[in-house]
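I have placed the structure first, in the form of structure tokens, so that the comments after it can refer back to it.
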Amino acid sequence: MNTSMPVKNLTQLREMKNRHEKIACLTAYDASFAALSAAAGVDVLLVGDSLGMVVQGQDSTVPVTLDEMIYHTQAVRRGAPESFVIADMPFMSYATPQDTVNNAARLMREGLAQMVKLEGGAWLLDSIRMLAERGIPVCTHLGLTPQSVHQLGGYRVQGRSQDEAQQILTDALALQEAGASLLVLECVPATLAQEVTANLSIPTIGIGAGVDCDGQVLVVYDMLGLTLGHTPSFVKNFMQGQESVSAALSAYVQAVKQQTFPSAEQSF
Ligand code: KIV
């Protein structure tokens, strides 16, 4: 059982970055896993639209709807009433700035999320400004953005070329300037994630982005070894050697805090 105080707000997340304390984040889709994760000391719960794949059995996150995201966010909130909860905005729910504000408001008002997450770069700047100005905290997501899988042509590492890396850094700075308070970096070279993290005042949360991000996130089903089929190379199965789900969740938190996860093997 974890005895540290739960993260309640963005100020605390920013303070963690400033004092170099790593932020442990995991996805959660239901009340039970949310409660177990909170008890294990997970700092931030992300209701990811990855639920489309691991809960619904879809091929991608594209079919997930806003109503489904609200339903799962409500369940997570009930299971972990004290936790900092981020809800993913699903595919096409933020295609225009006005849609973004209306749909983010539903995730906050009905789902009781504290923050919403959107995937993308410069095209999101107006929407992010609108959200931030209206008091809705924003997490953005760069690198491999799964909702664009059909355009990206598969789940591939992003930012390997100098031009792509520069674009990600430029986008990250612009997103921060527009009002984003957190940035997820997915499947990018560790050196790029380190550079982005060093250049931002907002925390970065990595997934397949090396150990130098300010925090880490994994899909909870992946890190418990529950995912059928392909498991990405950046995932570690924390159930191995543990006797309970709670012990595996605590091992993940410790590994993130002590920077033993991700290792070079789990990075690009
Ligand atoms: O949907 C999700 O679970 C995510 C994380 C993998 C970052 O966006």
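In listed order, ligands and their atoms are each counted from 1. Only a predicted model underlies this, so the values are computations on that prediction, with no experimental measurement involved. The chain is numbered in sequence order, starting from 1.
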Point to revise | Close N or O approach (Tyr29, ligand 1; < 3.5 Å) | key: no

Exercise for review: Anything under 30° is parallel, anything over 60° is perpendicular, the rest tilted; go ahead and classify Trp123 against Tyr94.
Suggested key: parallel

Check your understanding: Counting from 1, what ligand 1 atoms have a heavy atom of Asp49 closer than 4.0 Å?
Key -> 1 (O)

Review point. Can you list the ligand 1 atoms lying under 4.0 Å from a non-hydrogen atom of Lys117?
Key: 4 (C), 8 (O)

Review point. So, Asp171 versus Gln167: side-chain donor-acceptor pair below 3.5 Å or not?
Key: yes

Check your understanding: Looking at Asp43 and Lys22, does any basic side-chain N land under 4.0 Å from a carboxylate oxygen?
Key -> no

Review point. Is Met69 close to Ser93 at the side-chain level, that is, under 4.5 Å between some pair of heavy atoms?
Key: no

Check your understanding: Among protein heavy atoms, which sits nearest to atom 7 (C) of ligand 1, and what does the distance come to when rounded to 0.1 Å?
Key -> Leu46 CD2, 3.8 Å

**Study point:** Ligand-side contact atoms (ligand 1) for residue partner Thr27, heavy atom cut-off under 4.0 Å
**Key:** 3 (O)

Exercise for review: Mark up the atoms of ligand 1 that fall under 4.0 Å of a heavy atom belonging to Asp88, in ascending order.
Suggested key: 1 (O), 2 (C), 8 (O)

Practice item. May I ask you to check whether Glu119 has an N/O atom sitting below 3.5 Å from an N/O atom of ligand 1? Key: no

Review point. What atoms of ligand 1 come within less than 4.0 Å of a heavy atom belonging to Ile207?
Key: 6 (C)

Review point. What do we get for Leu218 next to ligand 1 when only non-hydrogen atoms under 4.0 Å count, side chain, backbone, both or neither?
Key: neither

Exercise for review: Could you tell me whether Arg129 and Glu133 make a salt bridge, using a distance below 4.0 angstrom between a side-chain N and a carboxylate O?
Suggested key: no

Review point. With atoms numbered from 1 as shown, which atoms in ligand 1 lie under 4.0 angstrom from a non-hydrogen atom of Gly48?
Key: 1 (O), 2 (C), 3 (O)

Exercise for review: Rounded to the nearest 0.5 Å, what's the gap from CE on Met115 to CD1 on Ile136? Could you check?
Suggested key: 11.5 Å

Review point. Does atom CD of Glu177 have more than 12 heavy-atom neighbours from other groups under 6.0 Å away?
Key: no

Check your understanding: Purely on distance, is any nitrogen or oxygen of Ser50 under 3.5 Å from one on ligand 1?
Key -> yes

Point to revise | Any donor-acceptor pair under 3.5 Å from Glu164 side chain to Gln162 backbone | key: no

